[in-house]
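Here is the structure we will look at.
Since the structure is predicted, the reported quantities are computational estimates derived from the model, not experimental observations. Quick note: numbers below take in every heavy atom, side chains included, and nothing from hydrogens, waters or symmetry partners.
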Amino acid sequence: MPKKQLLLIDGNSIVFRAFYAMHTQIDRFTNQDGLHTAAIYGFKLMLDHVLDKFHPDAALVAFDAGKTTFRTKKYADYKAERAKTPEELTEQLPYVRQLVKASGLHSYELKNYEADDIIGTLAKRADQAGYETLIVSGDRDLTQLATETTTVAVTKKGVTQTEHFTPEYMMEKLGVTPTQFIDVKALMGDSSDNYPGVTKIGEKTAISLIQKYGSLDGIYENIDEMKKSKRKENLINEEDIARQCQDLARIRRDAPIEVKLADLTYQGPQQEELVELFEKLDFKSFLAKMNITPQGGQKAAADIKFTELTESNIGELSKLKSRISFFLEMPDANYHVSPFAGFVIGNGDHWWVSRNVDLLTTPVIKDLLENDQIQKDTFNAKAHYVGLHRLGIDLQGIGFDLLLVSYLLNTNDNSNDLGQLAHEHDYYGVQSDEEVYGKGKGRHIPDDDQVFFSHLAAKGRAIEELNAKLSKKLHENEQWALYTDIERPLSLVLANMEIAGVHVDATTLKNMGSKLKERLAELEQAIYDEAGEEFNINSTKQLGTILFEKLQLPVIKKTKTGYSTSVEVLEKLQGKALIIDNILVYRQIAKIQSTYITGLLKVIHSSDQKIHTRYLQTLTQTGRLSSVDPNLQNIPVRLEEGRKIRKAFKPSHQGWKIFSSDYSQVELRVLAHVTGDHALQQDFIDGKDIHESTARRIFNLLPDEQVTPNMRRQAKAVNFGIVYGISDYGLSQNIHVSRKQAHEFIQNYFKEFPGVKEYIENIVKKARQQGYVETITHRRRYLPEINSKNFSRRSFAERTAMNTPIQGSAADIIKIAMIRMADKLRDEGLHAKMLLQIHDELIFEAPEEEIPRLKELVPKVMDSAVKLDVPLKVESKVGDTWYDLKKF
DNA sequence: CCTTTCACG
DNA sequence: ACGTACGTGAAAGGG
């Protein structure tokens with residue numbers, strides 16, 4: 001018989017987590033009456049998430065009964081420093097309890113005890129009764145309750161991502177047992193619960209002491225053997241404190257709980273109660289998931305009226321003279337090759353749908369789509385340009401692009417699913433594709449016309465209805481120009497680049513591939529010989545076993561699943577065993593072979609011998625593009641071996657050349673501009689080698705002193721570090737110097753470039769105040785974690801606060817240049833084609849006779865794209881293949 | 001589906 | 001004491 005399953009939830013800690021996870025958006029989550037709802041919302045998310053995977057027979061949510069407990073009675077200071085719970089949270093607690101009840105779970109609290117103790121006690125009883133128990137908490141302290149049959153899930157990020165603690169996992173991760181963890185806490189203390197632990201002992205020290213002596217008792221039994229040290233003194237002097245802390249840290253497992261496990265049967269969701277509660281709370285998305293139309297909300301998708309378009313009624317479309325919405329359904333993400341499933345066209349109360357895309361080529365529709373005087377609103381204009389181009393239609397006159405506008409408003413919720421995105425904007429008149437089409441293997445376009453067509457019609461209407469609201473937001477954010485002057489025209493430029501494609505010579509790749517295959521076979525044999533056995537070299541797990549167990553090489557670094565075998569690690573092992581060099585070379589060649597030879601061969605279109613990538617315009621958090629299917633933005637260049645791949649990238653016509661122009665140090669120039677730093681600006685205005693002049697400044701060289709290559713290299717790394725949001729540790733790792741040394745470099749840098757230092761301080765402050773940062777074109781990135789209490793999340797947000805305006809403004813600049821460049825090529829009647837964008841570089845193919853003109857034109861367009869306080873510099877190259885590019 | 005590794009700017 | 005450089009995508013292995 002399968003074991004009964006028990007779910008125990010630490011109510012208070014989850015509510016706290018949920019509240020603080022969404023704290024930066026505290027005012028977005030309120031109902032009509034101004035009641036804050038973020039914590040309730042988060043709690044519900046957590047419940048759904050847990051119940052999706054774990055199907056309990058019994059379930060209970062434990063709450064704290066009040067401020068005073070047996071712990072506070074014993075130790076007046078316990079939790080004494082804790083800030084008062086804000087009103088915005090306490091007002092939500094009654095509703096969380098209602099939610100728990102309506103969801104069919106029991107709740108329980110006990111005077112003088114904390115929720116932890118209730119959970120500890122019930123978990124123990126459940127273990128004895130043969131249950132399998134899952135505890136969910138936001139508090140790591142509960143991991144002490146893990147046993148063979150009790151798993152503790154602790155929230156990691158937000159409230160839905162959890163880390164599952166079993167005794168084995170704890171041993172692996174922390175190196176102690178759940179019971180020992182209590183003693184670790186006793187030594188290290190807990191600042192949030194306000195008990196101190198032993199002076200100068202933190203987590204690392206505590207763990208190693210407990211590992212050595214087994215327990216707190218073990219330490220004190222053997223304290224005399226410990227060699228004389230400050231630590232030993234502290235341990236002896238503070239034994240009483242340590243014992244007290246142990247008592248505080250230990251969760252009770254014998255609390256006087258009256259309820260029995262048998263009383264805790266999980267009832268399942270109580271539909272009516274939930275609906276009533278969600279309506280009160282304004283939880284439209286949860287109601288929509290339950291297929292309930294929110295009161296006063298949008299009509300359900302099924303109500304929408306539509307007409308199936310046929311050859312006989314197609315004339316009706318001539319009615320469409322004003323703004324219309326259009327959506328072409330392409331089920332595969334890759335719209336270069338996706339089949340066409342159907343389309344919707346219309347406005348207001350008139351929506352026409354069909355599965356027959358050939359109808360689009362009939363003049364009445366084709367003219368509509370190609371007429372730039374009739375505005376078409378859609379979702380993902382770029383996909384539509386490409387898709388319609390395949391049908392021989394030249395789409396013009398795009399007005400509102402729901403996907404693109406949503407991305408500009410908030411890069412954080414950037415789904416490619418129209419329905420999901422509509423829900424983000426509180427519009428529930430359309431379902432998500434996942435709901436209608438299914439997901440994974442089961443995803444398919446429904447056979448039922450009613451189902452499919454009403455979904456299409458709902459999409460058309462969703463686009464139409466969201467236009468006004470989102471356009472207004474663009475204006476409020478000062479992003480209208482960013483949309484109409486940059487992103488929207490860029491979508492057409494990108495579509496044309498994708499359609500143009502780049503010619504890749506399969507024969508060149510195949511020849512390289514067969515040579516690499518031989519080399520791989522040799523390397524493989526050599527590695528097997530040195531290892532003394534055959535194994536899968538591509539498996540990091542097997543490789544780790546060979547290197548660190550069989551060959552006993554020193555372990556440099558561990559990953560969360562085992563030994564790290566990354567390049568940095570292998571390089572440190574070089575010279576210790578012959579096998580290492582061979583593995584490094586094998587890795588390099590295997591990467592080229594799999595990703596760039598076989599990978600690229602797979603995506604050359606047989607019809608034209610070209611590769612047609614897709615640029616994702618609405619993905620990155622900074623405004624950069626990304627490239628997929630395949631990624632043409634990471635073709636090897638740094639190492640000669642890989643660089644040869646570029647020999648296969650050729651012009652698509654005889655007598656044509658590849659031409660490329662790239663911005664030189666664009667990010668540092670943007671840095672000089674946005675920080676206003678005088679010294680940095682002057683160096684660029686004077687046309688200095690920026691890494692050299694940085695070296696000169698931070699190493700305090702006299703005018704007659706030489707900058708050594710090593711100084712320049714280090715200064716270069718500092719410059720990069722500044723752009724990335726520097727930390728002494730990160731820099732020290734990068735250039736292999738001590739952390740102290742790295743710290744000095746950074747201090748010197750800030751002394752020499754005070755404007756940069758001031759900028760960093762200001763941008764972080766600004767991000768904290770307004771919740772987002774901006775680029776020179778008002779592109780936004782929200783940083784909800786900038787106020788996080790978690791050090792590492794907050795630090796990350798601070799680094800991105802300073803990096804995003806730099807990286808993002810550089811992205812803005814090249815986007816503007818691309819639009820102007822496309823216009824110029826057309827206006828001048830040039831045959832040259834823009835093919836690729838690689839963040840700071842544009843690649844073209846052109847007839848040889850146009851090369852002199854491009855050499856003038858492209859740099860001019862690129863360096864005048866925006867006016868900064870420092871000049872932009874552009875360098876151009878030309879060649880017969882991408883590999884052969886040479887400056888000229 | 002997630003993790004690790006490695007390719008690019 | 002914390003735990004790290006910023007932004008991406010693809011392949012491979014292993015659950």
Rounded to whole angstrom units, what separation is found between the [atom1] atom of [X] and the [atom2] atom of [N]?
X        : N      : atom1 : atom2 : result
A:Met188 : C:dA1  : CE    : P     : 11 Å
A:Leu639 : B:dG9  : CG    : P     : 11 Å
A:Ile589 : B:dC6  : CD1   : P     : 14 Å
A:Lys591 : C:dG9  : NZ    : P     : 13 Å
A:Ile597 : C:dA11 : CD1   : P     : 13 Å
A:Asn803 : C:dT4  : CG    : C1'   : 14 Å
A:Ile611 : C:dG9  : CD1   : C1'   : 14 Å
A:Arg781 : C:dC6  : CZ    : P     : 10 Å

[X] atom [atom1], over 12 foreign heavy atoms within 6.0 Å:
X        : atom1 : answer
A:Lys873 : NZ    : no
A:Lys550 : NZ    : yes
A:His778 : NE2   : yes

Counting any heavy atom closer than 4.0 Å, what does [X] reach on the DNA or RNA strands: base, sugar-phosphate only, or nothing?
X        : answer
A:Ala717 : base
A:Ser564 : sugar-phosphate
A:Val723 : nothing
A:Gly599 : sugar-phosphate
A:Asn634 : base
A:Ile592 : nothing
A:Ile726 : base
A:Asn734 : base

[N] and [M]: how far apart are their [atom1] atoms, nearest whole angstrom?
N     : M     : atom1 : result
B:dC2 : C:dA5 : C1'   : 24 Å
C:dG3 : B:dC6 : C1'   : 23 Å
C:dC2 : B:dA7 : P     : 32 Å

Q.
Check A:Glu172 with A:Lys560, please: is the shortest side-chain N to carboxylate O separation under 4.0 Å?
A. no
**Q.** Under-4.0 Å salt bridge between A:Glu667 and A:Arg624
**A.** yes
Q: For A:Ile201 and for A:Ser539, locate the closest nucleotide of DNA chain C by heavy-atom distance; then report the residue assigned to the nucleotide nearer the 5' terminus.
A: A:Ile201
Q) Out of C:dG9, C:dC2, C:dA12, which nucleotide sits closest to the side chain of A:Leu619? A)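 Selected nucleotide: C:dG9.
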(Q) Can you tell me how the ring of A:His691 sits relative to the ring of A:Phe720, calling it parallel under 30°, perpendicular over 60° and tilted otherwise? (A)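 Parallel.
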Q | Counterpart base for C:dA1, defined by Watson-Crick or G-U wobble contacts under 3.5 Å | A | none
**Q.** Any strand: nucleotide that pairs with C:dG13 via Watson-Crick or wobble, under 3.5 Å
**A.**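 For C:dG13, the partner nucleotide comes out as B:dC2, under the 3.5 Å rule.
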Q: Return no unless some side-chain N or O of A:Arg638 is found under 4.0 Å from OP1 or OP2 of B:dC8.
A: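 For B:dC8, OP1/OP2 do have a side-chain N/O of A:Arg638 under 4.0 Å.
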(Q) For the base of C:dC6 and the side-chain ring of A:Tyr724, does the geometry meet a stacking cutoff of under 5.5 Å between centres and under 30° between planes? (A)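 Yes.
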